[in-house]
Number of protein chains: 2
Amino acid sequence: MNLKQLAHMLALSQTTVSRALNGYPEVNEETRRRVMDAAKRHGYRPNPSARRLATGKTGMIGYVLPTGASVDIDPHFVEFLSGLGDYARSHELDLVLSPADADDQETTYRRIVANRQVDAVYISSPRPADRRVALVNTLGIPFIVHGRSEGFDFDYAFTDIDNEGAFHEAARLLIQLGHRRLALINGDDRETFAIHRERGVRRALAASGLSLSERHVCSVDMTEENGYRATRRLLEEDDAPTAIACSSLIMALGVVRAVRDLGLSIPGDVSLIAHDDVFPWLRPENFSVPLSTTRSSIRLAGARVAERLAARISGLEEGARGEVWPVDLVVRGSVAGAPG
Amino acid sequence: MNLKQLAHMLALSQTTVSRALNGYPEVNEETRRRVMDAAKRHGYRPNPSARRLATGKTGMIGYVLPTGASVDIDPHFVEFLSGLGDYARSHELDLVLSPADADDQETTYRRIVANRQVDAVYISSPRPADRRVALVNTLGIPFIVHGRSEGFDFDYAFTDIDNEGAFHEAARLLIQLGHRRLALINGDDRETFAIHRERGVRRALAASGLSLSERHVCSVDMTEENGYRATRRLLEEDDAPTAIACSSLIMALGVVRAVRDLGLSIPGDVSLIAHDDVFPWLRPENFSVPLSTTRSSIRLAGARVAERLAARISGLEEGARGEVWPVDLVVRGSVAGAPG
DNA sequence: AGAGTCTTCCAAAGCGCTTTGGCTTTCTCG
DNA sequence: CGAGAAAGCCAAAGCGCTTTGGAAGACTCT
């Protein structure tokens, strides 16, 4: 059942039927009702390919997925996706993932924009002066950045959490508890979130006349194993830290294992605070020693990004508004006063 | 730059240019070269929307993503996606995720097929007599099932791993080590994979005249917490099992924690084997006691599914061939002879 | 009653590609 | 040398929708 047939059986022109269906004002309400009714009764659904060709609108939002044998997609991604999908569903938006060589995403961005394959895109895990952000900005497609980039001469729309504030608070708490030597086990420090977290820790330390030793901060892929290794290295030094801030729950698993392997205990010998993106399958309160966290649901962020993308597509949202969500500091058993 | 312009500047018809570009035989090789060359030089890329409208081909593969506030997407999904994306990239295929109410996916399947939104779909986590499989089969769109359904009067194409064989081997090993009371901490037993795993364990036990107590098998969402709870419950009983088979590494984390909380040890008091889908961020060899596993890379499965979908789209693969991959049994420190 | 204004609808022109059917031109071969 | 076949190209008709530019009729107002 296509528009032509529907129009014919209603003895109307395609124009009128199309307009009736799309809510244009220049059609009699009575006629509109008739059309709507017939459309529903015959299960008419406009062909999206045709509509796309005519309007350029796709009803899809895009994401360029970095791939490659050595590229691991974060488990965070799936949780973000849950939120995004949940919102997208309610607005009949689909999500198209365009896999790209991790080292050449530009080609793919250009392609999906030039081809009008999606109405908007989002960008995640941005770095300072991220080329993707600059690119989509010049390409002129609506977009939202999940996280923040920095150092551009233009503004852009983003949704981020207050990473610096979160880790500042976490560090401040540890310092108040008497810790003097903190360590930070961070994610990839080429990404903005990691930079902000480190900045937060440093700022808290500086406020008390302390500082973060270079040897006490490390930047690694956020796996359990890397958490373990980093912790072993940290705790086997002479001036081992008495408190650790850690950028992910998964790494925290490794931290806990390392501490145990060394015959030490949490929080007796080492206090630990990790960032929790709120995975349903791994909860900080269920760690052997309940884990203190800086908490922010990445799933909610996904929903919010979808919401803003939808708003931008339909023209409800404009401009370069960035929003920064506060992060909860949740104190549990894994922190205590400094030993000695 | 569209076809019309390109044709005009080459002083050829659109027909000829189109044919030259698409490899049709009725065009002079010399002409084809000229066309190809000009196309490349001017960066001509056919407009996919137009091509779609004309041919019905989209260059996209589809997945219906169950969503809802209470629906969690598995971290397995992202790893599968890595593999899928990696292959899809090399074939210029995009993946479209269509979010659907978890309780009404049928509407979405019908929509994406009726609208010709994708060239093929895949289905994951199937159950016996899965309605989605029956549906896409009747809808007539090319598809691959990742996993297996059962109980249809038709055949279909799938890629699965030998879950029954894997857990049969695992159980057999435990039995050989003298264990008599096994337990199975399984995933959702409405899904085929879980049914097959349970069957494998039962078959191994039966072969030695043993059986799996109903109280020793449980079916839960695969979270750390559920692994913990199940293990506590199991080990606090009178006839507590001496060996546990577990359907995921994440649950195994909970198992390990529970065993420790109870003052018991692995493998001294309890042997443990878990299934490992091979996550880069959590490795069984790095558990405090290195974990024995049945191992199969879900990422490779993703790549394989993409490969088969691509083959089906281009007509290279036909028929209802199902393939079942063997699973490695990797023995590490978490298994030992039965205590006592 | 005639001019002007709405209201309501329509024919037709795109959107950019593929594909059908046919028209020249060249080649082949008895 | 002329008929038939093959090669190489083209014009035009879709694909199914939106949107432009009217047109016809109904209504208002002087």
Side-chain angles (χ1 to χ4, degrees), chain A residues 1-36 38-39 42-60 92 111-119 313-315, chain B residues 1-36 38-39 42-60 92 111-119 313-315:
Chain A
M1 167 70 47
N2 59 21
L3 185 62
K4 192 169 177 180
Q5 293 166 21
L6 186 63
H8 184 257
M9 80 178 1
L10 280 165
L12 287 172
S13 74
Q14 297 189 37
T15 310
T16 304
V17 175
S18 170
R19 288 187 156 148
L21 259 23
N22 294 327
Y24 281 68
E26 60 263 70
V27 35
N28 193 321
E29 275 311 316
E30 160 65 19
T31 311
R32 188 193 305 280
R33 230 184 311 279
R34 260 180 64 218
V35 172
M36 294 284 224
H42 294 83
Y44 168 75
R45 299 274 276 165
N47 177 319
S49 301
R51 168 176 269 166
R52 261 174 89 143
L53 183 58
T55 64
K57 291 281 177 191
T58 64
M60 301 184 146
E92 298 219 26
R111 187 195 85 208
I112 65 179
V113 171
N115 290 347
R116 298 248 147 72
Q117 296 199 114
V118 295
D119 295 337
I313 289 171
S314 55
Chain B
M1 168 68 49
N2 58 22
L3 186 62
K4 192 169 176 180
Q5 293 166 21
L6 186 63
H8 183 258
M9 80 178 1
L10 280 164
L12 286 171
S13 74
Q14 297 189 38
T15 310
T16 304
V17 175
S18 170
R19 288 187 156 146
L21 259 23
N22 294 327
Y24 281 68
E26 59 262 69
V27 35
N28 192 320
E29 274 310 318
E30 159 66 19
T31 312
R32 189 193 304 281
R33 231 185 310 278
R34 261 181 62 219
V35 172
M36 293 284 224
H42 294 83
Y44 168 75
R45 299 276 275 165
N47 178 318
S49 300
R51 167 176 269 166
R52 262 173 89 142
L53 184 58
T55 64
K57 291 280 177 192
T58 64
M60 302 185 147
E92 298 219 27
R111 187 195 83 206
I112 64 179
V113 171
N115 289 347
R116 298 248 148 71
Q117 296 199 112
V118 295
D119 295 338
I313 289 171
S314 56

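Just so it is clear: chains get the letters A, B, ... in the order the sequence lines come, proteins before strands, and each one is counted from 1. Just so it is clear, the structure is predicted and the values come from calculations on it, not from any experiment. Both backbone and side-chain heavy atoms feed into the values below; hydrogens, waters and symmetry mates do not.
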Can you measure from CG (B:L10) to CD (B:Q5) and round to the nearest 0.5 angstrom?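 CD of B:Q5 is found 12.0 Å from CG of B:L10.
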Is there a donor-acceptor pair closer than 3.5 Å between any side-chain N or O of B:S18 and the backbone N or O of B:Q14? no
Is it the case that the side chain of B:N115 and the backbone of B:Q117 share a donor-acceptor pair, with hydrogens and angles ignored and the cut-off at 3.5 Å? no
Shortest non-hydrogen contact between B:R52 and A:S49, atoms and distance: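 That closest heavy-atom pairing would be NE-OG, 3.3 Å.
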Can you tell which of [options] lies closest to the side chain of [X]?
X     : options                : answer
B:A54 : D:dC9, D:dC17, C:dT18  : C:dT18
B:N28 : C:dT18, C:dT8, D:dC9   : D:dC9
B:Y24 : C:dT18, D:dT18, C:dT19 : C:dT19
A:R19 : C:dG16, C:dC10, D:dC9  : C:dC10
A:P46 : D:dC17, C:dC17, C:dC9  : D:dC17
B:Q14 : C:dT18, C:dG14, C:dG16 : C:dT18
B:A50 : D:dC10, C:dG16, C:dC10 : C:dG16
A:R51 : C:dC9, D:dT18, C:dC17  : D:dT18

Indicate, with a heavy-atom threshold strictly under 4.0 Å, whether A:A11 touches base, sugar-phosphate, or nothing.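 Sugar-phosphate contact only.
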Looking at every strand, decide which applies to B:S49 at a 4.0 Å heavy-atom threshold: base, sugar-phosphate, or nothing. nothing
By nearest nucleotide on DNA chain D, pick out whichever of B:T15 and A:N47 is the more 5' one.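 Result: B:T15.
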For B:R32 and A:K4, find the nucleotide of DNA chain D closest to each by heavy atoms; which residue's nucleotide sits nearer the 5' end?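 Closer to the 5' end of DNA chain D: B:R32.
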Please confirm whether any donor atom in the side chain of A:S18 sits under 3.5 Å from an acceptor in the base of D:dT19, or the reverse.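 Flag unset: no donor-acceptor pair detected.
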Separation of [X] atom [atom1] from [N] atom [atom2], in whole Å?
X     : N      : atom1 : atom2 : result
B:R52 : C:dC17 : CZ    : C1'   : 13 Å
B:E26 : D:dA7  : CD    : P     : 10 Å
B:R33 : D:dG8  : CZ    : C1'   : 15 Å
B:L3  : C:dG14 : CG    : P     : 17 Å
A:L10 : C:dT8  : CG    : C1'   : 15 Å

Answer yes or no: does a side-chain N or O of A:Y44 lie under 4.0 Å from OP1 or OP2 of D:dC17?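 Yes, within the criterion.
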Would you say a side-chain N or O of A:T16 is under 4.0 Å from OP1 or OP2 of C:dC10? yes
